[in-house]
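Okay, so here's the structure we're looking at.
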Number of protein chains: 2
Amino acid sequence: MTSIRDVAKLAGVSPATVSRVMNNTANVDSVKRQRVEQAIKETGFKPNEVARSLYKKSSRIIGVIVPNIENPFFNELAGAIEEECDKKGYRLTLCNSNNDLEKEKRNMNLLSRMNADGIILMTNQKEIKEEVRKCQIPVIMLDRQVGTGSEIAYIQSDHYMGGRMAMEHLLDCGCRNIVQMSGPNRFSSARQRFQGYTDVCREREVTAVTLECEYDYEDGLKKAEELIERYPDTDGIIAANDMVAISVYKVLTKKGYRIPQDIQLIGFDNINLSRLFTPEITTIEQPIAQMGQEAVKVLTDYIEGREIRRQNVFPVRLIPRETTVEKPANK
Amino acid sequence: MTSIRDVAKLAGVSPATVSRVMNNTANVDSVKRQRVEQAIKETGFKPNEVARSLYKKSSRIIGVIVPNIENPFFNELAGAIEEECDKKGYRLTLCNSNNDLEKEKRNMNLLSRMNADGIILMTNQKEIKEEVRKCQIPVIMLDRQVGTGSEIAYIQSDHYMGGRMAMEHLLDCGCRNIVQMSGPNRFSSARQRFQGYTDVCREREVTAVTLECEYDYEDGLKKAEELIERYPDTDGIIAANDMVAISVYKVLTKKGYRIPQDIQLIGFDNINLSRLFTPEITTIEQPIAQMGQEAVKVLTDYIEGREIRRQNVFPVRLIPRETTVEKPANK
């Protein structure tokens, strides 16, 4: 591999001069500059990225920490982040915390020691707050808020409106005995959706019935069994997210219920899978790709010294599909 | 942040001495060594990972290039790789090539300039061969073979046996008009499975009927329409993979076919989704997690100077589920 010394030798200058030309950090007379540029061309010299990051104090690396990469929602977010990083000339270092607080802390520490330019953090851990505060590189919170404001910005969608929309849609579909499978109460997203749901219940004078459920398929299976046993006259279910909707569908069809004829069902997220599934799942869309892009945009704007917006809340949208049927009167 | 200079000052030695102690690269008398170790402790000095990688010529970074991170198969592989890297103390830099040859080349180039210790490459591009040959850091091919042997090792599953097993299973389930939706003929995996399928056809004296299909959901929808139009008496379908099986299921149910009563269906891969789907999809399992772990093991063994095996072919396994029904006689 060509080194900076080879270039310097060919150009008849010192390695320091080559570095000055390449990084544009000091004046070099134009004759020498030309000789260096010619030598770089001839040797095909590629500056070593690690050496460059030391010099420039920027590694062009963005660290992304996800709670679980195999969860389609985070996976789609990571995909959007990677694409945007690539467009902007940053590399992405992906860390999977597996919902393990210690691993999350270790990852933040390592990314900071790697000279990453910043971190996009998706976390379920409230306790990470302190780590975010101490972190020596900028941190963006994506999808979840945990902090006391030590992150430089956060990006999430409008969970409150999502909670409202899901309930309003099921009512418009004629459901009267609706159960909300809320996400875990320890997450702000779940609390905000619950608030939206109960506000609609109050306004439309229906009783709120809620069952807490993790945002995952396995717990969805368990809670769906419990739901249908405790509330056998249910005719509408708001699943905690699309993965939970998929598990509810499985449990109910095994028990002989038809969806949407007997029980209508709505998810949350609009992961790709909700469209690929048969029947296609009605859901509340979070703009996953846009949120991922925005996280990279805000972070790189910050890194490169541009102004940023601290709070970024994206609107959600109802996507009616095959697991619900709106009554003609409401169309 | 504490620098090496701060540590040196406190210990009353030169920064070079601190570096020698930390990296254990030269003899330092024991009194100085103790003073340095004490100073590191007192200052809480954390060596900068980038600086260390320059020095040690190892960045502890492994680059992973996937053709499409949102494809569940690659996503699950990436998840397994990340977990194993973490266990072994390596960071993972994830690149998504989006099946774009130029982006793939750019990624390989960048990873090499970043001083990554090696690359785990999943690719659909035959043309990448030359890039692998020229690459200055070790490359492992995962899932696909493209090379002329310039990769240091490859890891894949036994596609030939997979092709055989799928066909044998449908025959054991009593199907007589079986269509194989083969993967794209440009991929070795598809050619090997096709070979397995046709060998069984010859042995069991059935006519081979094949329809080429990309390994993705969208093409699956299109090819399923074509299949059922061209071969209306089909009673068994071997889908190119699980995503294609999910699209076949959608097309067939929309047309009023019942699965498995009218047409039996088998996928390939055993992605998580094949179990979460309703009905649960019969499939040929590739040991995804093990393959990802093995890729990291082989690469790090190579990096750390241990002996490695160049060819790593994992056995596949039939996972009978709800889209096929074995005849009692065969049980």
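Lettering of chains follows the sequences in order, A, B, ..., and the numbering in each one begins at 1. In this text the structure is predicted, and so the values were computed from the model without any measurement.
Of residues 91-102 of chain A, those residues with a non-hydrogen atom less than 4.5 Å from any non-hydrogen atom of chain B are, in numerical order, A:R91, A:L92, A:T93, A:L94, A:C95, A:N96, A:N98.
Here NZ of A:K250 is found 7.5 Å from CZ of B:R275. Values are rounded to the nearest 0.5 Å.
Per-residue heavy-atom pair counts under 4.5 Å with chain A were compared for B:L276, B:L273, B:T278, and the maximum is reached by B:L276. Taking chain B as the reference chain and counting heavy-atom pairs below 4.5 Å, the highest number among A:L111, A:N68, A:N75 is found for A:N75.
For B:K103 and A:E83, the salt-bridge test fails: no basic side-chain N is under 4.0 Å from an acidic carboxylate O.
Between B:I69 and A:E82 there is no side-chain heavy-atom pair separated by less than 4.5 Å.
For A:Y217, the part lying near chain B is the side chain, with the backbone staying farther off; criterion is any non-hydrogen pair under 4.5 Å.
When the salt bridge (charged side-chain N to carboxylate O under 4.0 Å, His left out) test is applied to A:R106, the partners found at least two apart in sequence or on another chain are B:D86.
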